[in-house]
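Keep in mind that this is a model prediction, so the values were computed, not measured. Each chain gets a letter, A, B and so on, in the order its sequence line appears, and its residues count up from 1.
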Amino acid sequence: MKIFTVVLLCIAALPAQASETAITQVQDSYRTEEGSAFAATRGKSMWTQSFIQKKSGKQVSCATCHTADLKRAGSHIRTGKTIGPMATTANEERFNDPAKIEKWFLRNCKWTLGRECTAQEKGDFLSYFQSE
Amino acid sequence: MNKRIFAGALIMAASVSLSVSGIVFADRDEYERGLFKRTGTVPAVANKLYATECGACHFAYQPGWLPARSWKKMVGELDDHFGENAELDQESRDAITQYLVTEAADVKPNRKSRKILRSIRDTDAPQRISTLRYMVSKHDEIPARLITGNAKVGSAANCIACHKGASEGQFNEHGVNIPGYGPWED
């Protein structure tokens with residue numbers, strides 16, 4: 001009976017673990033030198049920093065679509081598509097696939113900042129998503 | 001004698017129900033006529049990668065809504081996809097292009113694709129399905145307040161908001177249900 005409970009608990013904890021594994025894996029790939037660290041606070045301040053989109057002339061930040069509250073769902077400013085929360089605690093399924101993490105960093109950094117994010121910036125964002 | 005009458009009645013009933021089901025099928029944009037199988041509508045999406053990658057952000061439009069040249073151009077310009085960045089890795093791009101061009105309007109014949117092709121110039125590679133002449137003419141009776149002015153619809157590009165069978169390629173009027181308004185009949 002005890003074993004049964006333990007197994008059940010393990011299964012329940014699986015999604016959370018999968019996202020943690022994927023994030024650690026991606027963050028490790030960002031580490032350029034031994035001992036470099038990622039900071040949730042840096043990720044947080046960049047999250048709401050505004051940039052001017054060259055083509056549209058609009059002021060945008062990550063929070064424009066995702067909202068400033070990682071636990072809340074956002075919506076795309078143009079298409080209205082609902083975007084699930086970014087906090088790992090509120091959306092365990094989101095960060096299970098390293099390739100998917102990279103795909104969206106590439107798209108959304110270019111869209112928002114007009115350039116790719118640095119490894120440091122991406123690592124900071126991931127720490128921020130885990131901290132809320 | 002009785003047996004014969006019974007058999008006759010059975011054949012009558014069968015042919016009546018067959019012709020009725022024929023009408024029903026025609027109404028649902030799928031029908032067969034004579035020796036040739038003709039499909040009335042664009043084939044449903046049958047590619048997992050396309051459905052996942054493209055359907056992550058919007059309705060996964062059936063490839064039959066645009067000619068191959070349009071799809072090639074679109075996948076080649078995903079970094080500026082109607083103002084959004086929808087970049088994909090080379091491998092996914094190739095696989096998706098391959099799927100789209102083998103199912104495109106000018107490759108897989110059906111009534112809807114034919115109408116689409118008739119409404120565009122051979123030299124053009126249009127990108128926006130919702131503004132194709134055929135699409136505009138199909139929606140011109142619907143007031144803008146029910147589409148662009150309707151928060152639950154947003155734009156004519158949001159097929160699935162009103163066409164409940166859109167994913168299966170069913171776009172006939174009987175399957176229309178406009179959010180906040182209801183069914184639409186002529």
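The hydrophobic cluster containing B/Trp71 also contains B/Tyr134, counting ILVMFWY residues as joined when their side-chain heavy atoms lie under 4.5 angstrom apart, directly or transitively. Both B/Tyr181 and B/Ile147 are members of a single hydrophobic cluster when ILVMFWY side chains are connected at heavy-atom separations under 4.5 Å. By the rule that hydrophobic residues join a cluster once side-chain heavy atoms approach within less than 4.5 Å of another member, B/Ile120 and B/Val107 end up as members of separate clusters. Neither A/Leu106 nor A/Phe51 shares a network with the other; the hydrophobic side chains, linked directly or stepwise wherever heavy atoms of I, L, V, M, F, W or Y lie under 4.5 Å apart, form separate groups for each. Linking ILVMFWY side-chain heavy atoms closer than 4.5 Å, directly or via other members, places A/Ile83 and A/Ile101 in two distinct hydrophobic clusters.
In this structure, the side chains of B/Glu84 and A/Asn108 stay at 4.5 Å or more apart for every pair of heavy atoms.
The contact between B/Asp80 and chain A is made entirely by side chain atoms (from C-beta outward), counting heavy-atom distances below 4.5 Å.
Within 6.0 Å of atom NZ in A/Lys110, more than 12 heavy atoms from other residues, nucleotides or ligands are found, so the atom counts as buried in its surroundings. Other residues, nucleotides and ligands place more than 12 heavy atoms under 6.0 Å from the NZ atom of A/Lys103. By the neighbour-count criterion of 12 heavy atoms within 6.0 Å, atom CZ of B/Arg121 is sparsely surrounded, having that number or fewer from other residues, nucleotides or ligands.
Atom OG1 of B/Thr52 is separated from atom NZ of A/Lys100 by 10.0 Å, given to the nearest 0.5 angstrom.
The minimum heavy-atom distance linking A/Trp104 with B/Cys57 is given by the pair CH2-SG, 3.7 Å.
Residues from residues 72-81 of chain A that place a non-hydrogen atom less than 4.5 Å from a non-hydrogen atom of chain B comprise A/His76, A/Arg78, A/Lys81, given in numerical order.
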